[in-house]
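Data first, discussion second: the structure below is written as structure tokens.
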Amino acid sequence: MTISLKQYLSEKYGVKKPSTMTSSEARAFGVPYPLRNGWLQEHGDKKMSLYCAEELFARLHKRLNKQLAIDKETVHYTEKAIDILRRNFGFSLETV
């Protein structure tokens with residue numbers, strides 16, 4: 001399976017037109033970071049490769065462990081991102 005950048009971010013943040021993403025997500029989709037005006041129009045249709053999805057999935061799990069210890073407010077979006085990758089690429093904790 002695969003997922004576009006806009007689809008991934010829309011689902012993660014629960015919005016039709018996402019306005020941000022993390023540097024890890026930008027790297028996974030090959031988007032220059034920091035983001036510039038028009039980044040979504042230019043890169044929104046890009047598809048995430050399996051290799052990049054695996055890398056992002058592993059990074060998200062590491063980030064989640066840090067967030068649980070430090071900043072519980074951002075945990076929600078990290079958990080949503082992990083869930084999106086699980087559903088679209090079939091990842092599990094054993095994948096990490």
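Between Glu79 atom CD and Leu60 atom CG the span is 11.0 Å, to the nearest 0.5 Å. Here Ile82 contributes atom CD1 and Leu64 contributes atom CG; the two are 4.5 Å apart, rounded to the nearest 0.5 Å. How far CG of Leu5 is from CD of Gln7: 10.5 Å, rounded to the nearest 0.5 Å. Here the CD1-CG distance, from Ile84 to Leu56, works out to 10.0 Å after rounding to the nearest 0.5 Å.
For Tyr13, the side chain to side chain contact (heavy atoms under 4.5 Å, CB included) partners at least two apart in sequence or on another chain are Leu9, Val15, Thr20, Glu25, Tyr77. Glu55 is linked by a side chain to side chain donor-acceptor pair (under 3.5 Å) to Arg59, counting only residues two or more places apart in sequence or in another chain. Every residue meeting the salt bridge (Lys or Arg N to Asp or Glu O under 4.0 Å) condition with Arg87, not counting sequence neighbours, appears here in chain and number order: Glu11, Asp83. Residues that satisfy the side chain to side chain contact (heavy atoms under 4.5 Å, CB included) test with Leu50, not counting sequence neighbours, are Glu54, Phe89, Phe91. Under the side chain to side chain donor-acceptor pair (under 3.5 Å) criterion, Lys6 pairs with no residue at all, not counting sequence neighbours.
In this structure, the side chains of Asn88 and Met48 stay at 4.5 Å or more apart for every pair of heavy atoms.
With hydrogens and angles disregarded, a donor-acceptor distance shorter than 3.5 Å links the side chain of Lys80 to the backbone of Lys12.
The shortest non-hydrogen separation linking Ser4 to Phe29 is C-CE2, 3.8 Å. For the pair Tyr33 and Ala26, the tightest heavy-atom approach, listed with the atom from each and the gap, is CD1-CB, 3.7 Å.
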Scan the side chains in residues 34-47 for donor-acceptor partners under 3.5 Å anywhere in the protein, sequence neighbours excluded, and list what turns up.
{"unit_1": "His43", "atom_1": "ND1", "unit_2": "Lys46", "atom_2": "NZ", "d": "3.1"}
{"unit_1": "Lys46", "atom_1": "NZ", "unit_2": "Gly30", "atom_2": "O", "d": "3.0"}

